[in-house]
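In this text the structure is predicted, and so the values were computed from the model without any measurement. Atoms considered below: every heavy atom in the structure, side chains included; atoms not considered: hydrogens, waters and symmetry mates.
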Amino acid sequence: MPLHRRTLWTSIGLALWLAVLSGAVVRPAARADPPDEQHLAELRQQGLYEQAEKYCADRLAEEGLPADERTALAIELSRTYAAHAAQSPVAARPALWQAARQTADDFAARYPREPRLPLLRMQAALAALAEGESVREEAELGGNPHAELAAARTALRRAIKQLQDLHEAITVELRQRNRGARQVSTEGLSPAELSSLELHARYQLARALREQGLCYQADSADRLNSLGQSVELLAAIAQHEMTPQLAGNVRIDEIVCLRLIGNYGAAEKKLAQANRDQ
């Protein structure tokens with residue numbers, strides 16, 4: 001596998017689900033029937049994306065699915081389209097990225113009050129982020145870089161907007177719950193789950209801002225502005241208590257962004273501190 005494709009797949013693998021709460025991984029199918037999740041993971045691992053997509057679509061067409069299982073299957077379907085796009089020829093990718101987005105949009109429009117809808121909104125944002133990263137990396141390889149970078153910026157702006165909206169919605173939800181202003185369904189996300197999801201949404205927002213910055217020329221105001229926003233966001237996230245995995249990712253990304261904006265002194269200090277902590 002070419003280096004750029006390995007890099008892309010690693011990023012997508014990280015982005016698709018790394019939320020952790022109360023010591024347990026939050027997976028897209030957190031409450032789905034485990035055989036569904038395992039079966040779909042095996043199909044994706046074998047590269048049988050079309051079979052996985054059909055399986056999800058057929059299951060979603062069944063009558064009487066529990067709400068949490070229905071949401072989990074929609075997330076798995078969007079996730080599968082995104083994984084399929086990442087491993088497809090360049091010409092085939094746009095339709096698959098569109099399918100990943102459309103799956104989430106259509107589900108949210110049909111079930112606007114689904115208790116676990118924030119998880120699907122996160123997946124939709126991650127698909128847009130993965131698309132932007134993919135197109136940006138292709139632009140670096142040649143072809144039509146001007147058009148590809150414009151397309152990457154469009155996808156990344158979509159991801160940024162979705163992540164910002166998700167962060168705001170979770171903040172409002174937590175505030176209302178703290179005031180006792182909202183009755184919480186037993187199928188909905190707990191305050192701990194929402195807080196974890198909000199923190200990961202901000203982390204992915206920082207990644208999206210970095211990717212957006214890399215779509216502009218070196219030393220341009222747009223590049224420095226996006227990278228600077230990413231550094232500020234990562235520094236704020238670092239003040240929170242988080243899992244070791246997320247803390248490590250935040251620290252590494254902060255060092256990378258500092259290096260990209262040319263602040264080598266700060267990057268070296270952060271790296272030295274990281275080595276001491278290790």
Side-chain angles (χ1 to χ4, degrees), residues 1-18 49 78-105 121-167 200-234 249 252-254 256-262:
M1 185 182 296
L3 177 60
H4 76 282
R5 182 61 64 81
R6 287 204 307 270
T7 302
L8 169 62
W9 185 243
T10 299
S11 299
I12 292 175
L14 169 67
L16 282 172
W17 277 104
L18 44 67
Y49 300 110
S78 176
R79 180 182 186 179
T80 301
Y81 279 130
H84 192 178
Q87 295 300 309
S88 295
V90 175
R93 292 179 195 171
L96 291 166
W97 291 125
Q98 171 64 24
R101 295 194 304 269
Q102 199 66 46
T103 295
D105 291 344
R121 295 195 185 281
M122 180 70 158
Q123 171 58 35
L126 295 177
L129 172 53
E131 178 184 5
E133 185 177 10
S134 169
V135 178
R136 181 190 65 76
E137 290 184 348
E138 290 299 332
E140 292 180 351
L141 299 178
N144 187 357
H146 181 76
E148 287 168 346
L149 287 175
R153 287 193 291 268
T154 296
L156 291 167
R157 282 194 294 268
R158 183 184 302 113
I160 289 169
K161 178 67 165 56
Q162 289 173 329
L163 289 165
Q164 289 173 333
D165 289 348
L166 179 60
H167 162 66
H200 282 82
R202 281 198 285 161
Y203 170 63
Q204 297 300 337
L205 176 58
R207 293 186 63 246
L209 287 165
R210 184 188 68 199
E211 285 297 316
Q212 180 176 255
L214 293 175
C215 291
Y216 295 103
Q217 291 184 345
D219 298 327
S220 67
D222 288 329
R223 182 184 180 107
L224 294 175
N225 179 56
S226 289
L227 292 173
Q229 289 184 64
S230 183
V231 168
E232 290 179 4
L233 191 52
L234 289 166
N249 290 334
I252 291 170
D253 283 10
E254 189 176 6
V256 169
C257 282
L258 287 168
R259 179 178 58 80
L260 287 169
I261 63 177

First locate atom CZ of Arg93, then atom CD of Glu131, and finally report the distance between them rounded to the nearest 0.5 Å.
10.5 Å
Do Leu166 and Leu205 have side chains that approach each other closer than 4.5 Å (heavy atoms only, starting at C-beta)?
no
Minimum heavy-atom separation for Cys215 and Leu149, please, with both atom names.
O-CD1, 3.9 Å
How far apart are the closest heavy atoms of Leu233 and Arg202, and which atoms are they?
CD2-O, 3.3 Å
Any side-chain heavy-atom pair of Gln229 and Gln212 under 4.5 Å:
no
Do any N or O atoms from the side chain of Thr154 and from the backbone of Ala150 form a donor-acceptor pair under 3.5 angstrom?
yes
Asp222: which residues meet the salt bridge (charged side-chain N to carboxylate O under 4.0 Å, His left out) condition with it, sequence neighbours left out?
none
Okay, side chain of Arg210, backbone of Asp253: is any donor-acceptor separation there less than 3.5 Å?
no
In terms of side-chain geometry, is the basic nitrogen of Arg223 or Asp219 positioned less than 4.0 Å from the acidic oxygen of its partner?
no
Counterpart residues, salt bridge (charged side-chain N to carboxylate O under 4.0 Å, His left out), relative to Glu232 (two or more places apart):
none
Working to the nearest 0.5 angstrom, can you tell me the gap between Ser226 OG and Leu260 CG?
12.0 Å
Restricting to non-hydrogen atoms, name the atom on Ala201 and the atom on Leu163 that form the minimum distance, rounded to 0.1 Å.
O-CD2, 3.8 Å
Donor-acceptor contact below 3.5 Å, side chain Arg121 vs main chain Gln162
no
Could you tell me the separation between the OG atom of Ser78 and the CG atom of Leu126, rounded to the nearest 0.5 Å?
9.0 Å
Return the minimal non-hydrogen interatomic distance between Val135 and Ala152, and the atom names on each side.
CG1-N, 3.8 Å
The reported gap from CD1 in Ile160 to CG in Leu129 (rounded to nearest 0.5 angstrom) is 9.0 Å
Shortest non-hydrogen separation from Ser134 to Trp97 and the atoms involved:
CB-CZ2, 3.9 Å
Once side-chain hydrogen bond (donor to acceptor under 3.5 Å, both in side chains) is applied, do any residues pair with Thr80, and if so which ones, sequence neighbours excluded?
Arg44
Output yes when Glu211 and Arg207 qualify as a salt bridge under the 4.0 Å nitrogen-oxygen rule, no when they do not.
no
Interatomic distance, Leu96 atom CG to Gln87 atom CD [nearest 0.5 angstrom]:
11.5 Å
d(Arg101 CZ, Tyr81 OH) to nearest 0.5 Å is 13.0 Å
Please check if the side chain of Thr103 supplies one atom and the backbone of Ala99 the other of a donor-acceptor pair under 3.5 Å.
yes
Do the side chains of Tyr49 and Ser88 get nearer than 4.5 Å, heavy atoms only?
no
Restricting to non-hydrogen atoms, name the atom on Val231 and the atom on Cys257 that form the minimum distance, rounded to 0.1 Å.
CG2-CB, 3.4 Å
